[in-house]
Protein chains: 2
Amino acid sequence: MNNENRESASSSHVTIADVAREAGVSQATVSRTLHGSSKVTAATRQRVLQAAESLHFTLSQNASSLASGRTNRILFLCSGPLGSWFNAGVLQGAYEVFQPERYDITPASVTGRHELDNYVASLPTMRNADAAIISSFQMTEPLEDQLSAVSMPTVGVDIPGHTRGFDASVGIDNLTGMDRAVRLLRALGHDRIAFVCDRTEEDMVYNATERRQAFLQSAETCGYSTDDATIITANDVNPRPIAELAAHLAVQLLASPVRPTAVCVETDLLAIALIKELSRQHIRVPEDLSVIGFDDAAIADAAELTTIRQDPVQLGRDAATMVLSLLQGHTLEKPHILMEPIVVLRNTTARYGHGDQD
Amino acid sequence: MNNENRESASSSHVTIADVAREAGVSQATVSRTLHGSSKVTAATRQRVLQAAESLHFTLSQNASSLASGRTNRILFLCSGPLGSWFNAGVLQGAYEVFQPERYDITPASVTGRHELDNYVASLPTMRNADAAIISSFQMTEPLEDQLSAVSMPTVGVDIPGHTRGFDASVGIDNLTGMDRAVRLLRALGHDRIAFVCDRTEEDMVYNATERRQAFLQSAETCGYSTDDATIITANDVNPRPIAELAAHLAVQLLASPVRPTAVCVETDLLAIALIKELSRQHIRVPEDLSVIGFDDAAIADAAELTTIRQDPVQLGRDAATMVLSLLQGHTLEKPHILMEPIVVLRNTTARYGHGDQD
DNA sequence: TTGAAAGCGCTAACAA
DNA sequence: TTGTTAGCGCTTTCAA
């Protein structure tokens with residue numbers, strides 16, 4: 001191919017070769033300059049940058065990746081909708097950390113066991129990401145085995161107690177969180193309490209399971225008998241609108257042999273739906289029943305809901321920071337970290353027996 | 001390189017060559033099979049798929065992209081946090097559509113004009129995505145010029161009225177939305193109304209500007225005089241916590257020469273913050289003041305806020321669908337679409353003069 | 001229907 | 001410090 005041809009053929013794309021020719025250096029030098037190598041003269045660097053600038057040159061990630069073996073891409077795998085409060089928060093936090101380091105994020109979401117298994121099975125041989133952040137899954141033995149076979153760094157988010165297979169993990173300390181909530185209720189004089197949640201059977205998504213256990217454990221520590229600290233849960237497993245679920249749970253709550261005077265609810269969303277349903281039955285919160293949610297999403301503030309706060313954005317930042325360390329070959333001093341949730345006091349909790357009673 | 005070497009050298013990755021050898025066919029045939037070409041015998045296809053399966057083979061996106069020129073990646077560029085209600089929703093909707101088509105999404109967020117300009121300037125020469133979805137920006141002339149120079153398909157989300165430079169766009173019809181809200185207030189007997197928003201100067205983010213104008217226009221149509229339909233806005237441009245902004249706006253609202261009896265607020269978030277501030281001043285909503293928000297985010301439901309609903313997830317789906325069409329070389333029958341928002345009635349609006357008055 | 005071979009645009013030894 | 005060169009793993013003509 002002669003020069004005339006090369007020049008006319010370059011109609012499609014500006015390549016590193018164009019920059020090299022423009023700057024009068026080799027492709028290797030352009031590459032070195034663009035990657036901030038110190039082994040380039042200031043003068044050369046100047047010329048290269050100028051040439052790149054004037055040609056509006058952008059590196060082809062694909063070509064770079066293929067040649068270097070690094071993709072500069074991080075996989076973010078989560079369960080359920082990408083736009084959920086939790087997932088979107090983690091994604092945002094991770095982006096904040098990765099963006100300045102010039103890593104792209106590839107978000108992916110799976111909605112069922114089968115999909116998840118397939119995805120994880122493809123991980124060991126996939127060369128489309130340098131690392132993976134995996135969020136909010138209930139782990140299983142086979143899943144952990146597959147994860148162990150993955151050669152790239154993997155960090156788990158919100159998968160506490162199941163850190164096998166992960167190089168690192170961040171999560172929240174459900175036990176401490178529930179403990180604080182239960183202690184608050186005890187201090188407010190509530191003698192009968194309950195934990196309200198959706199179906200309890202093992203699910204793909206990590207959430208209520210551990211919190212439920214944490215609630216029972218905290219209650220025991222605080223001196224509640226098993227009759228005075230109960231679980232109120234949906235007794236079937238069909239997905240349904242949250243309002244319907246709340247109504248179903250409200251029935252169980254109100255019909256309890258010994259009705260609790262305070263409840264902790266799995267999530268803010270469910271807590272608010274429950275409160276609405278109760279208010280429809282003229283049960284007042286907090287006069288007749290104290291309610292504590294979980295998450296401190298924006299809706300908790302809007303509904304003046306007392307809740308246990310977790311911060312998915314910070315979880316995402318921490319996970320990303322660990323990924324970066326791992327990618328640099330560092331061994332983490334503390335690979336598995338747990339954040340302590342705090343209780344945010346608002347208007348749905350109150351001292352027992354001090355509202356007008358029914 | 002002899003065969004012994006090749007086999008021992010394959011320790012790092014399973015490549016298409018390994019699959020080809022295993023199946024006893026050429027690389028080309030493996031490639032064709034994996035891409036669902038019809039020009040492969042059923043028998044051959046069978047053998048190839050089996051080989052791929054047994055080796056846990058996954059295509060290297062990078063190598064595919066480099067060779068084919070298609071990246072199978074879509075850029076999602078938005079303003080502000082990736083985790084915001086709107087951005088996360090659009091991302092989720094786009095993901096729903098792209099995922100089954102095997103396109104990855106690369107999310108990116110910019111927070112300032114300068115950053116945005118840089119990003120868009122790199123678009124014309126960037127070969128790291130096949131198309132771009134660009135969300136919620138206030139367009140400028142130079143920006144539109146740059147966009148026009150981009151060779152890949154670009155579709156705008158929530159950038160109505162500024163469709164130059166975009167191949168397609170989806171957005172919401174702010175005029176219809178505000179019109180419905182204003183008509184509602186008129187029907188409820190409110191004679192003095194206002195639109196409450198953050199600073200009005202031209203900003204990077206598209207939002208209040210058009211809604212403000214739509215409000216004024218609707219008010220005029222409904223017969224409000226310019227004294228009876230006003231704008232209440234922050235008079236400085238410093239970013240600040242929403243509660244502080246709400247307090248600032250509450251002062252202006254309460255101190256109005258003729259106090260409005262109903263307001264439309266730029267967003268749900270601000271509406272709720274405003275209501276809280278007003279309640280602190282013992283102004284009751286809706287008895288003393290009717291409030292209509294904008295968005296119908298989850299918080300609107302939690303706070304029982306009457307609002308104008310828009311659906312970012314659907315916007316994302318529509319944008320993605322258009323991208324797909326464009327990528328297939330189709331010309332869209334209707335490239336610029338506008339969704340009609342509806343008013344969701346809740347507890348913050350009421351007939352004027354029917355609560356206990358001060 | 002299948003195979004051979006020439007790149008896609010870049011990086012990373014190795015040499016100079 | 002810079003240039004030369006040999007691939008990275010795939011796709012895609014072109015021939016068979």
Side-chain angles (χ1 to χ4, degrees), chain A residues 1 5-6 9-48 51-52 55 57-73 102 125-130, chain B residues 1 5-6 9-48 51-52 55 57-73 102 125-130:
Chain A
M1 206 185 268
N5 275 339
R6 278 205 54 64
S10 74
S11 59
S12 56
H13 278 309
V14 181
T15 75
I16 206 171
D18 298 315
V19 180
R21 211 175 321 113
E22 178 81 12
V25 296
S26 70
Q27 292 190 25
T29 299
V30 175
S31 176
R32 283 188 275 255
T33 304
L34 262 26
H35 287 281
S37 164
S38 52
K39 312 186 151 316
V40 180
T41 318
T44 315
R45 142 165 294 119
Q46 195 58 36
R47 260 186 306 145
V48 170
L55 295 172
F57 175 71
T58 310
L59 276 173
S60 160
Q61 281 288 349
N62 291 315
S64 295
S65 300
L66 186 55
S68 70
R70 277 170 274 107
T71 65
N72 273 279
R73 228 163 266 136
R102 319 201 114 272
T125 56
M126 95 123 87
R127 298 145 293 173
N128 302 322
D130 296 337
Chain B
M1 205 184 271
N5 274 340
R6 278 205 54 65
S10 74
S11 61
S12 54
H13 277 311
V14 181
T15 75
I16 205 170
D18 297 315
V19 179
R21 212 177 320 114
E22 177 81 13
V25 296
S26 70
Q27 291 190 27
T29 299
V30 176
S31 177
R32 283 189 273 255
T33 305
L34 262 26
H35 287 280
S37 163
S38 53
K39 314 186 151 311
V40 180
T41 317
T44 315
R45 143 166 295 118
Q46 196 57 36
R47 261 185 305 143
V48 169
L55 295 172
F57 175 70
T58 310
L59 276 173
S60 160
Q61 280 288 348
N62 291 315
S64 295
S65 300
L66 185 55
S68 70
R70 278 170 273 109
T71 65
N72 274 279
R73 228 163 265 135
R102 321 200 113 271
T125 57
M126 95 125 86
R127 298 145 294 172
N128 301 322
D130 296 337

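We use all heavy atoms of the structure for the numbers below, so side chains are in, but hydrogens, waters and symmetry mates are not. Residue numbers start from 1 in every chain, and the chains themselves are labelled A, B, ... in the order their sequence lines are given, proteins ahead of strands.
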Q: Look at the side-chain N and O atoms of A:His13 and state whether any lies under 4.0 Å from the OP1 or OP2 oxygen of C:dG9.
A: no

Q: Rounded to whole angstroms, how far apart are CD on B:Gln27 and C1' on D:dT12?
A: 12 Å

Q: Ignoring hydrogens, what is the shortest heavy-atom contact between A:Val48 and A:Val19? Give both atom names and the distance.
A: O-CG1, 4.0 Å

Q: Of A:Leu66 and B:Arg45, whose nearest nucleotide on DNA chain C comes first from the 5' end?
A: B:Arg45

Q: Is any side-chain N or O of B:Arg70 closer than 4.0 Å to OP1 or OP2 of D:dT12?
A: yes

Q: Strictly below 4.0 Å: does B:Ser26 bring a side-chain N or O up to OP1 or OP2 of C:dT2?
A: no

Q: Reckon B:Ser60 has a side-chain N or O less than 4.0 Å from the OP1 or OP2 of D:dC8?
A: no

Q: Can you tell me how far P of D:dT12 sits from CD1 of B:Ile16, to the nearest Å?
A: 11 Å

Q: Is any side-chain nitrogen or oxygen of A:Thr29 closer than 4.0 Å to OP1 or OP2 of D:dT2?
A: no

Q: Does one side chain, of A:Arg73 or B:Asn62, offer a donor that lies under 3.5 Å from an acceptor on the other?
A: yes

Q: Can you work out whether B:Ala67 or B:Val25 has the more 5'-proximal nearest nucleotide on DNA chain C?
A: B:Val25

Q: Side chain of B:Lys39, heavy atoms from C-beta onward: which of C:dT1, C:dC10, D:dT1 has the nearest atom to it?
A: C:dT1

Q: Identify whether any heavy atom of A:Arg127 sits under 4.0 Å from a base atom; if not, whether one sits that close to sugar-phosphate; answer base, sugar-phosphate or nothing.
A: sugar-phosphate

Q: In Å and rounded to the nearest 0.5 Å, what is the CG to CG distance from A:Asp18 to A:Leu55?
A: 6.5 Å

Q: Specify the separation, in whole Å, of atom CG of B:Leu34 and atom P of D:dG9.
A: 16 Å

Q: Closest approach of B:Glu22 and B:Ala51, non-hydrogen atoms and distance?
A: CG-CB, 3.4 Å

Q: Would you say A:Ser64 reaches C:dT11's phosphate, i.e. side-chain N/O to OP1/OP2 under 4.0 Å?
A: yes

Q: When you check the phosphate oxygens OP1 and OP2 of C:dT2, does a side-chain N or O of B:Thr44 lie under 4.0 Å from one of them?
A: yes

Q: Expressed in angstrom and rounded to an integer, what is the separation of B:Arg32 atom CZ from D:dC10 atom C1'?
A: 13 Å

Q: How many Å lie between CG on A:Asn62 and P on D:dG7, as a whole number?
A: 22 Å

Q: Under the 3.5 angstrom rule, does the side chain of A:Ser26 hit a backbone N or O of A:Thr29 as a donor-acceptor pair?
A: yes

Q: Can you check whether A:Thr71's main-chain N or O pairs, donor with acceptor, with A:Asp130's side chain at less than 3.5 Å?
A: yes

Q: For the pair made of CD in B:Gln61 and C1' in D:dC10, what is the distance, rounded to whole Å?
A: 11 Å

Q: Whole angstroms only, please: what is the CG-P distance between A:Leu59 and C:dG9?
A: 13 Å

Q: Compare side-chain N and O positions of B:Ser31 against OP1 and OP2 of D:dC10 and report whether any pair is under 4.0 Å apart.
A: no

Q: Under 4.0 Å between a side-chain N or O of A:Thr41 and OP1 or OP2 of D:dT2?
A: yes

Q: Rounded to whole angstrom units, what separation is found between the CZ atom of A:Arg21 and the P atom of D:dT2?
A: 20 Å

